[in-house]
Every structure is written in C-alpha cells, then in structure tokens.
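Report on the structure given below.
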There are 2 protein chains.
Amino acid sequence: MATRPDSSADGRTGAVPVPTRERILLAAGKLFHGEGIRAVSLDAVAARAGVTKRTVYYHFRSKDDLVAAYLEARDPPNLDWFRRHYSEAAGDVATRIEALFAALAGAAAHPRWKGCGFLRSSVELVKTPGHPAMNAARAHKKRLEDWLCGLFQVARADGARELARQIVLLIDGGFAVVLLNRDAGYMDSAGRAAGTLVRAALARGREPRHGEGGGEGNGGGNGDG
Amino acid sequence: MATRPDSSADGRTGAVPVPTRERILLAAGKLFHGEGIRAVSLDAVAARAGVTKRTVYYHFRSKDDLVAAYLEARDPPNLDWFRRHYSEAAGDVATRIEALFAALAGAAAHPRWKGCGFLRSSVELVKTPGHPAMNAARAHKKRLEDWLCGLFQVARADGARELARQIVLLIDGGFAVVLLNRDAGYMDSAGRAAGTLVRAALARGREPRHGEGGGEGNGGGNGDG
DNA sequence: TCACGTATATTCACTGGTCAGTATACTTGG
DNA sequence: CCAAGTATACTGACCAGTGAATATACGTGA
C-alpha cells in the first residue's frame, strides 16, 4: 500500500499495481455512468474501489471534484472512439459519417448501454451551471464538434461549422431519444438524416458561385467561437 | 380546510380555492422542472403547496406516483404549445417547421429555461426503465412524433414517419445541447437542419416514380413498434 | 330537523435509513 | 522519526414513508 506512482510515473516501480487514485476513478466511472451521479454514494465508490471513504477524500476534495475528474478522464477515450470508427469506414465523408452513426446504433443496442455520460451528467447538474463537471462536458462536446468541423472543411463542404453543429445535434438527439425509447433504430434514423445533410452541404460546396466555402458556416450568426 | 370542490365542481362555493391535489401537482411541477426530481424532497413540495407531507401522501401513493402524475399533467399543454406555434406560422410545411424551431429557440433563450422535463426525467430515471414516469415521457414523445407524421403525410412528403422521427431527434438534440451549452443558437441550427430535411422529403414526394408516399416511412426497417 | 355514523381530508410527530464529510488514530517506506 | 496514505468510527443533515389522531362534509333514520 501507500504506493502512488505520480501521474508522471515511468514504471520504474515494476509491475505497477494500479495506483489507488486510478482505482477510485475507475470505480467512480463505472458507477456514475451506470446509475447516475446522485444515485451513487461515495461509500459505494469506495467499496467498489476496495478502499474506505476516507481514502477517497484523501485523493479528491469532494464528490463534485470526483465527478469532474470522472468526466475529464472520459474525454480522450470517447473522442478516440469516434475517430477510430470514422477512420475505419470507407467512402466519402457522408458515407463515413453514416458509418459512425451505425457504430453508435450498434453500441446503443446493447441492453446495458446507458447513453452519453456527459449529457446525463449535465442533466443531473442543471442546478449548478458553473460546476466543473459541466465545463468538462461542454469541453468534450466542443472537441467533438471541432473535429467534425475539420473533417467537413477538408471535404470542402459548404458551411462546415454549421454542419458540424447539426451532426452533433443529431448525435446527442440520438443519445437522448434512444435512452428514452430503448430503440436503437432512432440512431439509424439520425444517421440517415446526417447523411442527407452532409451530402447537401457537399453538393453546395461544389457549386461554383459561392467562392469561399466556410464563410456563412460560422454558426449562423449566433456568436459561436 | 377540508373543502374539496370535486373536479366537477361548480362555483357554488364561490371563488373555487384550487383543490389541494392540484396545488400539490402545481408545486411539484415547478420544483421538479426547476431543480430535478431527485433534488426535490416531498417536504419541499409540501411546503410550497402549503400542506403537510402527510397530505401529499394522502393524494399520491409515493414520490414515484407524484412524478408520474406531474409528467402526465405536462403532456397536453406541451403538445398544445407545439400545435399552436405551428398553426400560427405561415408558409409551407418546411417553413412552418422552421418557425417551430424559432419558437423553441426563443423559449430556450430565457435564462431560467430548463430544457425538456420529459427528457430530463427520463435521464434521472435510467435505473428504473419500467417507471410510470418513463412511460408517460415515452407516450408524450410518441404523440409529438405522430402529430408531425400526420403533418408530413398531408403534405405528401416522402417517408413521413422517418421524417417525423428525424425532426423529433433534432428537437430533442436541441434540448440537450442547448441545456449543456446555454446557447440557444444551437436550436436555430437544428431548425435549419429540419428545414433542409423536410424540403428534401417534399421534393422526393413530388417525384413521379415512387407511387405511394408513406410506404417506406415506418421507421426505415429497424423494427419500430 | 337533528343526532349520529361514515368516508374524506388534513395535521403532528415520528421512524428507519442514507449520505457527504470529518476527527483521530494507525501503518509503513524512506 | 516523519510524512504520505489508509482505516475505524463518528456527526449532522436530510429524506421517504408511516401511525395515530383530528376535522369537515354528507347521508340517513327517527
């Protein structure tokens, strides 16, 4: 015990036994995602991590802190999931976006699927808009949108930013609706809608008249950054 | 006290004093919608309604019952809101749908706006899929979808059911994303996406080859019920 | 018309339990 | 020895739900 190979650890301890902090974060992730933030007590997190609650409070100042850390930890793997499924698909941008939705639908079809942890957390924290976990969720969705926007710009789609926002809207709409109806078919409908929108933007992008492609795309004039 | 001018009450008591059950439901609605289900205790509901908690338990068997009743009560006025804003708009179906989203964006721009109560409740109740409140939420969204589907069928749009599902996805996506980012501009983006999709479906519907308009529309073959 | 019974409606005071967070003491590697 | 890390055991607040008593409306038989 009492081994804490700092975040910058280089493995020199040999056979690193999963540091306590990470074990807690892992347990918190499973429980928060599976049952919701408010529904999970720190006692439950501690039990699952195999430590006492006091140890949790040694590594995290409060439950809010732990929630924020959980969401921040979820960000990179989640984005990687999107990038991987996109890059593994073949065809033009529209077809690959459709493939992305097909992958989402596949995941959502599993009975234990629980939707998007970022969105769900944001709902549980409506009362506290400045909560660090809310910022983490916003940052994650922004990175997703930026990544999509980049794809669309490269493909010379018309209004890349606006299109990226609309795809995000369809993804998050899919998360919400499938979670409510427990019918992954809605995610397929979202995918077809996305395909239609991307193809329309690609077609507009190929029209000669509007010289520059990304001009009007900056969010349609609602102060996006 | 103890005056309960039954639901079929005439005004003979003079200035009907809002029956207790309704007062409770009203208080519950305000609090649940404003702060979330789990965040609100029945003590708080009782206090706001001006009764004791025991009285709440006289009119509702449990908190779950009260939550379900709250959502069921919200269904008709919510659908009316959609119908009203649609019927007050001018132009073809696509334009009027866009107007609907504009109205949503207007509502969402208010700082105290808290998203869709049905969606938020469904998130708070993920752990209990059979919860009566979940059924109420599903029923509400289904009615919204059916209403949209009817509009599109009348307009002879191609794939009316699928189109209705996609509009619902955009609406609910807008709810989720705006709630997270506190930027009603996303609802405008959703509206433009909706307009694009509806126009595409109208154009396809006007093509002569595919004879019947609503045939393929039943969910696009993903086992919808 | 009135006394009485009964169903309805409401209150006060309580229980059993959960949970975020803490005071304090023990352990162990360096 | 000391400081990081962990454990035991506790506090204070909150909360869903209940027991028992009380108050009011209303029908009915004499």
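- Not a single donor-acceptor pair, N or O on each side, falls under 3.5 Å between the base of dG21(C) and the side chain of Lys63(A).
- Among the nucleotides dA20(C), dT6(D), dA16(D), the one closest to the side chain of Thr52(A) is dT6(D).
- Base contact: Thr55(B) has a heavy atom under 4.0 Å from a base atom.
- Proximity note for Thr20(A) (side chain, C-beta onward) versus dG17(D), dT6(D), dG19(D): the nearest is dT6(D).
- Taking atom CZ of Phe32(A) as the reference point, atom C1' of dC19(C) lies 13 Å away to the nearest angstrom.
- Heavy-atom neighbours of Lys114(A) NZ from other residues, nucleotides or ligands within 6.0 Å: above the threshold of 12.
- Judged by the 6.0 Å distance and 45° axis criteria, Arg165(B) is positioned over the aromatic ring of Tyr186(A).
- Using cut-offs of 30° and 60° on the angle between ring planes, the pair Tyr70(A) and Phe32(A) is tilted.
- Val40(B) comes within 4.0 angstrom of sugar-phosphate atoms only, judged by non-hydrogen atoms across all strands, and of no base.
- Using cut-offs of 30° and 60° on the angle between ring planes, the pair Tyr86(A) and Trp147(A) is perpendicular.
- Separating the CG atom of Leu42(A) from the P atom of dA7(D) is a distance of 15 Å, rounded to the nearest angstrom.
- Look at CZ on Phe60(A): it is 13 Å from P on dG5(D), rounded to the nearest Å.
- Taking atom CG on Asp64(B) and atom C1' on dG17(D), their separation rounds to 12 Å, with Å as the unit.
- With rounding to whole Å, Leu31(A) atom CG is found 12 Å from dC19(C) atom P.
- In this structure a side-chain-to-backbone donor-acceptor pair under 3.5 Å is missing from Glu145(A) to Ala164(A).
- Out of dG21(C), dT10(C), dA20(D), the shortest distance to the side chain of Lys53(A) is found at dG21(C).
- One cannot find a donor-acceptor pair under 3.5 Å joining the base of dG17(D) and the side-chain atoms of Arg54(B).
- A straight line from OH of Tyr57(B) to P of dC12(C) spans 17 Å, rounded to a whole angstrom.
- Both Val51(B) and Asp43(A) sit near DNA chain C, but only Val51(B) has its closest nucleotide nearer the 5' end.
- Among the nucleotides dA16(D), dT10(C), dA4(D), the one closest to the side chain of His59(B) is dT10(C).
- Side-chain proximity of Ser62(A) to the nucleotides dT11(C), dT6(D), dG21(C) is greatest for dG21(C).
- The listed nucleotides are dA4(D), dC15(D), dT18(D); the one nearest the side chain of Tyr58(A) is dA4(D).
- Within the nucleic acid shown, Val45(B) has no heavy atom closer than 4.0 Å to any nucleic acid atom.
- The distance from atom CZ of Arg21(B) to atom P of dT8(C) is 15 Å, rounded to the nearest whole Å.
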